[in-house]
Every structure is written in structure tokens, then in C-alpha cells.
Amino acid sequence: MHVEVVYALPEKQHRVHLELEKGSTVAAALAAVARVSPFAELDLAAVPVGVYGRSASRETLLVEDDRVEIYRPLVVDPMEARRRRAGEER
């Protein structure tokens, strides 16, 4: 089955298209990209991941055409950013 693994940086989005066996998990997709840059620089066992914008565990089963997303840490807490914007508007 075809799946995609993506990792977005501010300046570039990295995509890898994979062919995995039916019944593969998120962990299998991550293992398949573990040696590909920039994925090789990440701690793939610890980074938060999701499938199409929804948080997923490593045991989540994938289906045809799923997109596994690797998430970066937030630079600014969303609530703090909102407080700053609200303070600037006053």
C-alpha cells in the first residue's frame, strides 16, 4: 500500500512516498524513513506524530494513501501568542 511521511520545516516540506505491506503501522513507516535526511536527525521514537492532522500512536494501523505527519515542537505557546496579540491591540 502507498503511504506518505511528511515533516515540515519553516523553509521546506520534506515528503517521502513509501510502499508498505497492508496492515503496516505508523512505527513501520517511521522505520522506513529512519535513514533518510532530514528524518535521520530526528528522534523518531519520541517525536509526536499524526495521520492527516490527528494525533496517532506508533501502533496506529495505516490504510492506503495515509499521510504520516511528524510534528515539530511549538516555538511559542498558542495561548501566550494570543495574549501578546490581545495586549498589542489595546
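Keep in mind that what you see is a predicted model, and the values were worked out from it rather than measured. Below, each value reflects all heavy atoms present in this structure, side chains not excepted, and no hydrogens, waters or symmetry copies. This chain uses plain numbering: 1 for the first residue, then up along the sequence.
The aromatic rings of His14 and Tyr7 lie parallel to each other, their planes meeting at an angle below 30°, with 60° marking the opposite boundary.
Following chains of ILVMFWY side-chain contacts shorter than 4.5 Å, one cannot reach Val63 starting from Leu30, and the two form parts of different hydrophobic clusters. Clustering ILVMFWY residues whenever any of their side-chain heavy atoms sit less than 4.5 angstrom apart, transitively, puts Tyr52 in the very cluster that holds Val47. Transitive grouping of hydrophobic side chains (ILVMFWY, heavy atoms separated by less than 4.5 Å) keeps Leu61 and Leu20 in distinct clusters.
For the residue pair Phe39 and Ile70, the shortest heavy atom distance occurs at CD2-CD1, 3.5 Å. Residue Arg58 comes nearest to Leu44 through the heavy atom pair NH2-O, 2.7 Å, listed as atom of the first residue, atom of the second, then distance. Annotation for Ala40 and Arg35: closest pair CB-C, 4.0 Å, computed over non-hydrogen atoms. The two residues Ala32 and Leu18 make their nearest non-hydrogen contact at CB-CD1, 3.8 Å. Heavy atoms only, all atoms of each residue included: Met1 and Leu62 are closest at CE-O, 3.5 Å.
Heavy-atom contacts from other residues, nucleotides or ligands closer than 6.0 Å to CZ of Arg82 number 12 or fewer. Within a 6.0 Å radius of CD in Glu21, other residues, nucleotides and ligands contribute 12 heavy atoms or fewer.
Residues Glu4 and Arg67 are not paired through a salt bridge, judged by the lack of any N-O separation under 4.0 Å between the basic side chain and the carboxylate.
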Worksheet entry | Chi angles and distances behind the side chain to side chain contact (heavy atoms under 4.5 Å, CB included) call for Val68, Val6 | CA-CA 6 Å; Val68 176; Val6 297; over 6 Å; no

Item to complete: Determine, stepwise, if the pair Gln13 / Arg15 fulfils side chain to side chain contact (heavy atoms under 4.5 Å, CB included).
Response: CA-CA 7 Å; Gln13 182 176 7; Arg15 298 171 147 194; 3.9 Å; yes

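The distance from the CZ atom of Arg84 to the CE atom of Met79 is 13.0 Å, given to the nearest 0.5 Å.
Here the side chains of Thr25 and Thr60 are not in contact, with every heavy-atom distance at 4.5 Å or above.
Between the side chain of Glu69 and the backbone N or O of Val5 there is no donor-acceptor pair closer than 3.5 Å.
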